[in-house]
**Q** 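Submitted below is the structure of interest, expressed as structure tokens.
All chains are named by letter (A, B, ...) in the order of the sequence lines, taking the proteins before the strands, and each is independently numbered beginning at 1.
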Amino acid sequence: MSARRHEGPDEGAGGFVQQYFRNEQRQRLPVLKHRLQLLYAIETHLTTIVIGEPGSGKSTQLPQFLHEAGWTADGKVVACTQPRRIAAAMLAQRVADEMGVELGTTVGFSVRFSDASDPQTTRIKYLTDGTLVRECYADPLLSAYSVIIVDEAQDRTIATDTLLALLKKIQRKRRGDLRVVISSATLDAERLQAFFGKDDTAIVSIAGQLFPVDTQYLDAPCENYLTAAVETVARIHELEAPGDILVFLPGKDDIAAAISQIEELTHGDARLASLQPLPMHAGLSTDEQRAVFEPAAAGMRKAIFATNVAETSVTIDGVLYVVDCGFVKQRVLDLATGLDHLVTQPISKSSARQRAGRAGRTQPGKVFRLYTHEALGSSLHPRHEVPEACRLPLAPMLLTLKALGVNNLVRFDYVQPPPPALLSHALEALASLSAIDLQTGALTQDFGLYLAELPLDPPLGACLLNSVRRFGCAREAVAAVAMLSLGESPFSAPSGRMAEAREDWRDFVVQEGDVLSRVNVLLGYQDTPTRARQQWCRTHFLNARLLDQATRISRQLEGYLARFGYGKSELASSCGRDASLLQRCLVSGLFANAARRRGPSGGSYQLLRGGGALDIHPSSVYFGADATPEYVVFASAMTTTKAYINGVTAIDPAWLTALAPNYYSASQTAPV
DNA sequence: CACCAATCC
């Protein structure tokens, strides 16, 4: 181990004045006081758990400490993973600036669609945890890395949990040659220490740079968190010193309702006229989000009504007051129906702490919790969020593990074992797609392996592979799965101009349903010159951000197909005027989501394999349509106020028995 | 008929 020690590397770049300024900034960070403690812990333990509040500087400084201490000698790399792409890119940029090097040289990052790293020169590399998991395909021991820092581990995403489980295995195989650092704000540290082995795991706590936050609770539970939130904002505005307000609400509808209530209040009350309500959620365009980051106009106070994006992903400066309704929307797989639910539920205790911390970033702040102290202390609010691997469909994760040589998925050493029913649900799904062989449990040759490599949900991956192998409609299928993988509809118009928009959309919308209509949109977008695309989207009431993203996904998917050995002509294959080719291709992957209309007309459906009513989602082209198809497959189902299906395509039921004979017998799909 | 949290490969 001592061989890799040497004096701190001399980067050479950067003048004296800049260097002085950089050091000045770094010296204020709390993590500096723990430099030796951290380096010692990492030197003497295989795994180190670092608990540090936001603002401690751990994400930017720890990789530099390790670099300076020699962990990047011999060409080795220190990795730091993040759950989100923006974070990985921004941290890399910051550290490159601090070190006075150009991004992409000594300091780099690698995320989907963007790789600013160089295998020859990069020594500190920021990645998303999903990207690092994928690097295991090429290098199962991650041998390029000497230390892997898994940051923001409290999020417990599927990718983070997958990575942690793999790292434990890799550590064994590399015989003490790989150090793992798990870093997080408020972590279930004991669980992770137990997972990685108590003797080999150190825990280091770092104080944050947060200011004290004064906490206020309700004396009694409120009946309506929306009303309570609006009243609290008004009261803060009247009674408290200047400073912006951040309000956590579960969803967009609540945000819109709260803002309109505030606007009503400000009309009737001159004292509230200086309150400036603003929405913040992931559905907003970058332009719409900008207002939240700009300082309030002179004499005005911003009140930002936000979803959970503001809890971790987005940081807004100048917030002194936080109003926390105490709820969050979370996706949960309902095993009884096999459908996703979006449930509004009480937040965890650690999430409540995280939200409160948003008030104390620049000076002492206040948090107004719209629940009682007793409630927060009770079992109503769990200590931590349920990890994704214990509540979401696991087929993608299991496919990854299989591809990396994990044979027994039931006995695999998960950070937290998923409920057995969740595992069997995923295994059945994979078997029905012929991704795994039910007898041997192995990935099927080529097909299963390709599905594991594709950055798509397995059913969509199956559609894509079948488009080149069986149907000859790759051009349309690439567009279709790219759109479906984003979920949202590209058709979006302000409510006031809906009629006008609908008229325009008739150029794209076809009777075959959402998927073919969205393919028309995406191919139309891609046929438009790049510089004219924004305007094209505006005139047609289409979501430009979504179509840009779908275009990048399309290109990436074509790259995968080319790597799998499919030639130019196969990639260019098109169904031409025969839409049924694409429809059958969709059935070949989405057959499990086949549904039949319940009445002689209308938008109420039912799964062929049984279950309750499924309604056409309002963003589907079939919503409110005069004529709806009797049989459909859908790309997604989600229960919110009702069970809704979206991404709907008309089908011929005979295709189901032809394309998924093991899943459907002829009698199930025969018309009554 | 009346609507989805935010992420990632």
Side-chain angles (χ1 to χ4, degrees), chain A residues 81-88 110-115 127-137 152 155-163 248-256 280-284 306-314 327-332 340-345 347 351 385 388 391-392 396-397 399-400 403 451-458 460-461 482 485-489 491-492 495 498 549 552-553 556-557 559-560 599 601-605 613-620 622-626 628 636-647:
Chain A
T81 72
Q82 298 289 319
R84 285 164 285 277
R85 293 164 47 197
I86 306 185
S110 178
V111 301
R112 189 182 189 182
F113 305 128
S114 181
D115 184 359
L127 318 84
T128 47
D129 28 29
T131 304
L132 189 56
V133 168
R134 265 159 199 278
E135 286 194 2
C136 295
Y137 288 162
E152 306 286 344
D155 285 15
R156 299 297 303 276
T157 64
I158 292 215
T160 304
D161 273 20
T162 307
L163 180 61
F248 284 100
L249 291 171
K252 286 182 248 216
D253 49 342
D254 282 326
I255 288 170
M280 180 69 210
H281 53 80
L284 298 175
T307 59
N308 236 21
V309 271
E311 190 180 301
T312 45
S313 308
V314 160
F327 288 94
V328 66
K329 282 189 189 180
Q330 247 188 10
R331 188 161 79 105
V332 176
D340 283 340
H341 268 234
L342 195 63
V343 245
T344 304
Q345 58 188 30
I347 59 172
S351 178
E385 239 59 62
E388 284 185 357
R391 60 179 162 90
L392 294 186
M397 181 180 78
L399 215 42
T400 304
L451 280 190
E453 285 206 45
L454 285 169
L456 289 169
D457 259 356
L460 295 182
S485 71
L486 291 169
E488 273 176 81
S489 163
F491 300 109
S492 88
S495 51
M498 215 44 193
Q549 224 176 331
R552 287 194 291 173
I553 295 173
Q556 192 190 30
L557 295 177
Y560 274 97
S601 64
S604 183
Y605 286 79
L614 302 170
D615 288 355
I616 297 286
H617 190 271
S619 70
S620 164
Y622 287 139
F623 183 78
D626 296 330
T628 49
S636 68
M638 177 98 87
T639 304
T640 54
T641 49
K642 272 196 254 179
Y644 286 109
I645 55 176
N646 208 340

**Q** Base, sugar-phosphate, or nothing for A:G624, non-hydrogen atoms under 4.0 angstrom?
**A**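 Base contact - A:G624 has a heavy atom under 4.0 Å of at least one base atom.
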
**Q** Reckon A:V328 touches a base, only the sugar-phosphate, or nothing at all at heavy-atom distances under 4.0 Å?
**A**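 If one applies the 4.0 Å heavy-atom cut-off, A:V328 turns out to touch nothing in the nucleic acid.
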
**Q** Look at all strands and tell whether A:A159 reaches a base, only sugar-phosphate, or nothing, counting heavy atoms closer than 4.0 Å.
**A**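 The answer is nothing, as A:A159 stays clear of every strand by at least 4.0 Å.
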
**Q** Once side-chain hydrogen bond (donor to acceptor under 3.5 Å, both in side chains) is applied, do any residues pair with A:T81, and if so which ones, sequence neighbours excluded?
**A**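 Listed in chain order: nothing, the list is empty.
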
**Q** Pick the nucleotide of DNA chain B nearest each of A:V309 and A:S636; which residue has the one closer to the 5' end?
**A**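 Final value for this comparison: A:S636.
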
**Q** Judged by atom type as modelled, is there a donor-acceptor pair below 3.5 Å linking the side chain of A:E388 to the main-chain atoms of A:I158?
**A**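 Yes, because the side chain of A:E388 sits within donor-acceptor range (under 3.5 Å) of the backbone of A:I158.
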
**Q** Could you check whether any side-chain N or O of A:R134 sits under 3.5 Å from a backbone N or O of A:E453, counting only pairs where one atom can act as donor and the other as acceptor?
**A**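 At least one qualifying donor-acceptor pair exists.
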
**Q** Need one value for A:T157: base, sugar-phosphate or nothing, where a base atom within 4.0 Å counts as base even if backbone is also close, heavy atoms only.
**A**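 Counting heavy atoms under 4.0 Å across all strands, no contact is made by A:T157.
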
**Q** Would you classify A:S619 as touching base, sugar-phosphate or nothing, given that sugar-phosphate means primed atoms plus P, OP1 and OP2, and contacts are heavy atoms under 4.0 Å?
**A**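 The answer is nothing, as A:S619 stays clear of every strand by at least 4.0 Å.
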
**Q** Have a look at A:D615 and say if it touches a base, only the backbone sugar-phosphate, or nothing, with a 4.0 Å heavy-atom cut-off.
**A**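 No contact.
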
**Q** Taking for each residue the nucleotide of DNA chain B with the nearest heavy atom, is it A:S485 or A:E488 whose nucleotide lies nearer the 5' end?
**A**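 Closer to the 5' end of DNA chain B: A:E488.
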
**Q** Using a 4.0 Å heavy-atom cut-off across all strands, classify A:T641 as base, sugar-phosphate, or nothing.
**A**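 A:T641: backbone/sugar contact only, no base atoms under 4.0 Å.
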
**Q** Would you indicate what A:R331 reaches in the nucleic acid, counting non-hydrogen atoms under 4.0 angstrom: base, sugar-phosphate, or nothing?
**A**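 Base contact.
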
**Q** Which residues satisfy the ring pair (Phe, Tyr, Trp, His ring centres under 6.0 Å) test with A:Y622, sequence neighbours excluded?
**A**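 Partners of A:Y622 under the ring pair (Phe, Tyr, Trp, His ring centres under 6.0 Å) test: none.
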
**Q** Do the side-chain N and O atoms of A:S619 and A:N646 include a donor-acceptor pair separated by under 3.5 angstrom?
**A**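 Short answer, yes.
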
**Q** On a heavy-atom basis, which atom in A:M638 and which in A:H341 lie closest, and how many Å separate them?
**A**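 In terms of heavy atoms, the two residues are closest at SD-C, 4.1 Å.
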
**Q** Can you give the first and last nucleotides of DNA chain B, 5' to 3', that have an atom under 4.0 Å from a heavy atom of chain A?
**A**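 Boundary nucleotides touching chain A, in 5' to 3' order, are B:dC1 to B:dC9.
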
